[in-house]
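Report on the following structure.
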Amino acid sequence: MGIECLVLGAGQEIGKSCVVVTINGKRIMFDCGMHLGHSDEERYPDFSLINGSLDCVVITHFHLDHIGALPYFTEVIGYSGPIYMTYPTKALAPLMLVDFLRISVGRGVEEKFTADDITACMKKVTPIDLKQNIQVGKDLQIRAYYAGHVLGAAMVYAKVGDASMVYTGDYNMTPDRHLGAAQIDPLELDLVITESTYATTVRDSKHASERKFLKAVHDCVVAGGKVLIPTFALGRAQELFILLEDYWERMNLKVPIYFSSGLTRQANIYYKTLMSWTNQKIKDTIALQNAFNFKHVVSFDRSQINAPGSCVLFASPGMLSGGLSLEVFKQWAPSKVNLVMLPGHCVAGTIGHKLASGKLTKLYADNNSQIEIRCKNVNLSFSAHTDSKGIMDLLKFLSPKHVMLVHGEKPRMSILKKKIESGMGIKCFDPPNGGVVKIPSAVHVKAQTTDSFAKSCQSPNFSLSRCSTSGAVLSTDLTSPLMVSEERVSEAILFMDRSKARGVHKEELELIGSGEGKSQVFLYGHCFPIRSDNLTKATGRLGLSGNRSWLKVLALELSHLFPQTDVHNMGDFLQVGSFQLSVCPNQSCTRRSSDVPGDHATTCTYLCCSWCMEDEKLALAIISSVRNSL
Amino acid sequence: MEQQVRSVCELSLDAEKPLCLQFMASMRSLIVNPHTSNSTISSTLEILIRSLQHAGDSPLRHHALKLLYDIASLRPSLSPAVFDGLRSSFYSSLSAGSSTFASEILAKLASLSDKHGNPEIELDDRIFVSLCFLPSVTGRLQLLTNAERLGIGASVLFTVFFGLTKDPYPYVRKAALDGLAGLSRCNEFEDVGLIEGCFRRAVELLRDAEDCVRSAAVRVVIDWGTMLFAAHKEKDTMGNVVFIQLCCVVRDMSVEVRVEAFKALGKVTESMVSEEILLQSLSKITGALEKKIAQAKSSEGKKENRSQAQLTSRVLQMFASNGAGAFLHGLEDEFHEVVKSACCSLRKLVRLSAEFAGQTSNLLINMLNDHTVAVRLEALETLHYMAGHGFVNVQKEQMHMFLGTLADKSDIIRYAARRTFRLVKLSEVDCFRSSVSSLLKNLEVHPQDEADTFSVLFHLGRNHGNFASQVINDVCDQLEPVFEGTLSLDSANTAAYLVLSISAPLSKDHRGKHIPPHLYSFAVTHIGRISLGLGDIMDQTTLLTYLTEKSISASSVAEFIPEEHPRSPVVHDIPSQDDKKSNTTSLQLVPCESSGNIAATIVSYNQNDDTNILKCLNLILGRVRDIWLFGKSSCNSEALRTLSACKEEVSMYRPNSPESSGACAFTLQYVQVVKILAKVSGHIFYFRHSHQIGELEVLLSKLDYRLREIRSRFIGFSKEEDLQILELVLFSCLLKLATGNVSCWGTTLTTRLLATISQVESLRQEGSMEPSSFVAQVKQTLNQAGILSTAPLFFKKLADNFSLGQFTLRSKITHVSAELVIPGYDSHHPLPFVPGLPVAIPVDITLHNISSEGRLWLSLTSDDGQLTQFLFLDPNLQVVSVGAKMKKKISMSAPFYGPPKASSFSLRVCLAMECTSEDVLLAKGRGGPKHPLVYLCQEKEVYLQRVERK
């Protein structure tokens, strides 16, 4: 048992997020995205790697690299189980998918699914709300938390039995103009799978870039210029709409703000109704005015491209990679008063990237004529992803036992991985696509308690002491600080059988020992490592091999060391009085001690022993002699 | 029902039967009913207490306890009885072994002792501790929350609180932490280990799963952290550790915790945190810090200071990964509560470091773009506070943002922005130009802001005189009125520029171009609108005087002295050049002290410098003398107007010390006296004013009163000063005699004349001074001729010899004054009275500088003036508290006898002092004051209303 993660996408890359996680036998697929940078087989996750059936699919948000492959997966591959996503994602995802298909058709690329597939797929989706507990089958429980990033983005908590984990999807730890910061409860987690887009970047104040943005736009329109803002239709566009709308309103500006895409119009309608998913500031002012009820932002008509007067135009696609944004750019670029505002990172190779790096001076309008680029350009980075400090902050808050990084570039991920492991002492993984990560998960054992112990637990029972300076984190002083320790639980003795556990107050021991047959009761247990090579050498000397042979060696050893006692070799274990010793195969043995001898952790064998109260002295003597001799 | 319950009560009192639920319900309805008689309630009380003591484990005892508590809260008079009853049942239930219930009673006791001023509960430490260790969680919680009111020793409390921070129940942990935070105030802990242990435990609890525990832990971290900082050997490190621990909490998921964390950061005091750490809390980029960490790590290798270096590197590392940019996060938070809290603590921290303040102002200016009004306002508030302390230096690239707030749609923001602008320092003339043009643009769009905008322009010009004169000279041509059919003088723009030109010469750094004087004459045409804007700086008269002077003395050389104070157009007998230099009465801006308040831009004349005030007052006194001469020679009305201006000037001073306030009050009085003298002498000598009948008499009696005030309300004159005042008295006597209407003054005047002369004589002998020619002449003439035989013309001639001497204040003059307050009275709450019966008027009197010999009278005058009653106050007997040296307080009830038979009437109450120096006796036989009175405070009017019978 435990958690097993199979990375189908976004492993050491950005794109086609898809992770299949098996928690205590239950299998969940988190996200089902496509890679927009590939048009071959690489475009979709390799679903054939999935071994067995899925219990459910959870989609975190509507971006294509998180949902793009879903229609293909359900309609073509034929997955028919439950699919969960938040309400806004369910509302906005079909818009994105259909728009994507439209563009693909325009480019002459054939996709693996059709518009009908999208419709059919979306019908199978179960929408969920934030912090709503969803029970999938008998054992699996999932819950969504607010992630910021885009409208409806969620982090997903999943729990099966005692094992639990969080898959963050994309998230943002700082609020922006329209969305809040990611918000999650303190949870006890075995694993967190987090995005790491900005694994090494630390972004400073967002206010400064907003200031620069507004100043550039304002200066341009006041001078009578036109501002082109190439951006995607959803998410970033709405954030900047709010920014500009608010500024326009405050400054009493009358210059029109246009958006070009029909998709934006549809999206704005959804944004207006999904207010509960926006940030606190917008929710606070909703009584006065819906922030998405734009007064100045209006729809654009192509005939207005060369209309006189200044204006601001949001045109898709971003990065000037084609479509209307490029067309308008060609018209406006020759004028000095105009401005092109690139509100985000531009991928190398696009016209946007060339423009931002100042290399673009001329552009072929068509095959014959060339235009000269004279307009100003400003590149600002508004990102909806958290920065490296945000990732660390979230991990610090959740303090999981393990971390897995996805959705990032490999070199940066490994830097972050090191930082997490050294800074927080959490084991961290960054598997590539197709990689599998297995981690152990916590196993909780229910322990019954005696009445007397339960009663004693009700009253406080603390003790104060001075702690030693050596273990102190902050103390540099000889006057050692006062410490408090709560003794309630430590007064108990835990009885562990193979199937049962029982907490007993130490004052009750006598009673139990006599009442219920001591042979079944193990008071103390210890599981400690010895170096396997020593043991093998010893067995080698006797010409034996295997686990049982080790016990033989030990039995021999013990009868030499403790001549007055009878050492019984029971095959699986050795017995001396109530003391039992066996080779422990169980990696997650509850009695295991944390000390590892030297650097040879890998070549260790664990010996597990248990003994009764009355044989404690003997047991400790045996353990210490075994440790010393081997 | 009352009867029924009562009888049952009595029955059960006898039989000691346990109460039933139904009966208790009816009891409750009686208790909450305000009309239930007290005796019933008392017996209910008795039976309830009895039932508590005999209830055993009955569940009804909780109800009984609740009912008792209700009785105590609804009938405060019974609260002590309930308190005693509860206390005894607390001990009885303790001994009966039901200690959970005992702690419940204890909680109620604690809340009662809080509410109704009951005595504190002195609980035995042992009982308290044993109760705390009981299984009941609610009991524990109640004990912890009330622990501070139970009179338990601090060390016991500490042990219990500290231990219970390990409790598994979050609310118990929270209560324990709150208790620890409370204990930090009692200053009883000196053991460093103990303090550090407590601090560390709180730091551990910063990671608690419960929000309420985390926010309580934040409070303990700052409180005990401050103690640790004070007590620990390695102060520097410890202070930083506290700061860093708090910085690490600001990313908490709970809003409450974040708010609390910023509050705590604001409590960090000077020297607790090093500057680099402080700066790092403003930026997430940790480059500089990483270097520092590397340094610290490398020095770990060295033997000396090894542990120190290790600690430093560890702490810094923690900060770099967690705490860096804490304030940035706070300012970017989506909850305005958090932003507000962050701004508040920034406000407190900016004084710790100039660089920190600079960077903070950059961050805040960027925030002016936020789309929530609350956040923008908070940012502006903080900027305003910082500007007041000189921390805001706006960069050129930030001007756009900063000016944007001036054009904001919300008038609150515009107002707040202008407040900030008044105090801001601009480094470049371009910034100044753009600020002015923004303000002008704003004026076009929002004409309603005109007055405030003018005021801002004035302050801007004052703060940047050089820039202002540059700007004015640039636009000077546009300001010329163009008479091409239309007169453009009335545009707001013109007025705004004129405000700027008014302000520029008043600036300290005004070394720029000279502002064309004809602008000031234009400004006169806008006087109404400009003075509306500058209302908080100078009044219309002062402004007019200033403008007049500036515009007419264009050719005067003296004009070019920038510090020139508004001076009246009296040209002859100008004080010498030296005087002018000492006349440093430049307007000065005082930043407002309290952060939240509106920047009350009070203008005072070097208000902090008392010696300067004295100098200025002497200058004014000098001018008064000039005016007197001037008025005598020609233009009396002009002189009177200038004297009024002088009076206003004096009243604008805001002295801080009692000495200078005495000097101010005296100068004011002196100017008033001279003014009246000028009026009277104008009438007598030149018949200038056609006074109406009786007006002269009024003036003369006013003069009398004013002189009396000067002589009795000011203490500490030097002999010369005394002499000059006596001369004034002499002159006033002569003037009176010169009116010819001797009959109404009778012989008193002549006796006073003679008495004054003999006083002068004795003074002269004491101080061996030469009297002025005026006194000598009066004396001589009077000796030669008898008084009674002389005609008014004779006195007129005599008075004509008078010339006002230069009065110079040297010594410290104290001013006798009083404040009278009628407590509990305002216009909505008239005092009650019953016709015919004496009414008690409560008065609180504060006396300043009154000697024990002073005979004080409280005068009560009915509204028709018919009835005046005097009440003698012996300041030695009645003093309640003596605060400052010469400050006495009296609280008393003054009886007013025989109020009229009316439904209402009003009384005028005033405090007066007898002038024993005056020889005039008021021949009244009713035990009132024997000498003339001077009033020491403003008259208070009290409105009384007849008590209506029900």
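What you see is a predicted model; the values in this text were computed from it and never measured. The chains referred to below are lettered A, B, ... by the order of the sequence lines, with proteins before strands, and numbering in each begins at 1. The analysis underlying the following values was restricted to heavy atoms, covering all of them including side chains, and did not include hydrogens, waters or symmetry mates.
With respect to the salt-bridge test (charged N to carboxylate O, under 4.0 angstrom), the residues B/D208 and B/R173 qualify. In summary, A/K295 and A/E245 do not engage in a salt bridge, as defined by a charged side-chain N under 4.0 Å from a carboxylate O.
The two residues A/Y171 and A/H149 have their closest heavy-atom pair at CA-CB, 3.9 Å. The two residues B/C198 and B/F162 have their closest heavy-atom pair at CA-CE1, 3.6 Å.
Interface residue A/K281: backbone and side-chain heavy atoms are both found under 4.5 Å from chain B. Of the atoms belonging to A/L464, it is side-chain heavy atoms, and not backbone ones, that fall under 4.5 Å from chain B. The contact between B/R376 and chain A is made entirely by side chain atoms (from C-beta outward), counting heavy-atom distances below 4.5 Å. For B/M253, the parts sitting under 4.5 Å from any heavy atom of chain A are the backbone and the side chain alike. Of the two parts of A/L187, neither the backbone nor the side chain holds a non-hydrogen atom closer than 4.5 Å to a non-hydrogen atom of chain B. In this structure, chain B has a heavy atom under 4.5 Å from the side chain of A/D284, while its backbone stays farther away. If you measure heavy-atom distances from B/V445 to chain A, the contacts under 4.5 Å come from the side chain alone. In this structure, no portion of A/S399 lies under 4.5 Å from any heavy atom of chain B. Contact of A/A291 with chain B is not made at all, since no heavy-atom distance falls under 4.5 Å. Looking at B/L368, the atoms closer than 4.5 Å to chain A (heavy atoms on both sides) all sit in the backbone: N, CA, C or O. Within the 4.5 angstrom heavy-atom criterion, only side-chain atoms of B/T372, from C-beta onward, approach chain A. If you measure heavy-atom distances from B/L134 to chain A, the contacts under 4.5 Å come from the backbone alone. At a 4.5 Å heavy-atom cutoff, B/V249 makes no contact with chain A through either its backbone or its side chain. Residue contact with chain A, scored on non-hydrogen atoms closer than 4.5 Å, is absent for B/C248.
Ranked by heavy-atom pairs under 4.5 Å with chain B, the first of A/M251, A/M173, A/Q183, A/R177 is A/R177. Of the residues considered (A/E486, A/K215, A/M392, A/E210), A/K215 shows the highest number of contacts with chain B, using heavy-atom pairs under 4.5 Å. When the candidates B/R207, B/E210, B/H329, B/R140 are compared by the number of heavy-atom contacts under 4.5 Å with chain A, B/R140 comes out ahead. Interface remark: of the candidates B/D333, B/V137, B/D370, B/I365, B/D370 forms the most heavy-atom pairs closer than 4.5 Å to chain A. When A/D204, A/N279, A/D246, A/V202 are compared by the number of non-hydrogen pairs under 4.5 Å with chain B, A/D204 comes out ahead. Chain A forms the most heavy-atom pairs under 4.5 Å with one residue out of B/E334, B/H336, B/M401, B/M367, and that residue is B/E334. Counting heavy-atom pairs closer than 4.5 Å to chain A, the top residue among B/I285, B/T405, B/L194 is B/I285. Most heavy-atom pairs under 4.5 Å with chain B: of the set A/A208, A/P186, A/S388, this distinction falls to A/A208.
Checking side-chain atoms of A/T201 against main-chain N and O of A/Y198 turns up no donor-acceptor pair under 3.5 Å. No donor-acceptor pair closer than 3.5 Å links the side chain of B/Q359 to the backbone N or O of B/S283. The backbone N or O of B/N369 lies less than 3.5 Å from a partner atom in the side chain of A/R250, making a donor-acceptor pair. Between the side chain of A/Y145 and the main chain of A/A154, no donor-acceptor pair closer than 3.5 Å is present. Put simply, the side chain of B/R201 gets close to the backbone of B/T165: a donor and an acceptor are under 3.5 Å apart.
Aromatic ring orientation, A/Y247 versus B/H400: tilted (interplanar angle from 30° to 60°). Relative ring orientation between B/F133 and A/F462 is described as tilted, the plane-to-plane angle lying within the 30° to 60° band.
Identified under the salt bridge (charged side-chain N to carboxylate O under 4.0 Å, His left out) test for residues 380-394 of chain A, with sequence neighbours left out: A/D387-B/K284, A/K389-A/D393, A/D393-B/R251.
Residues B/W224 and B/F189 bring their aromatic ring centres within 6.0 Å.
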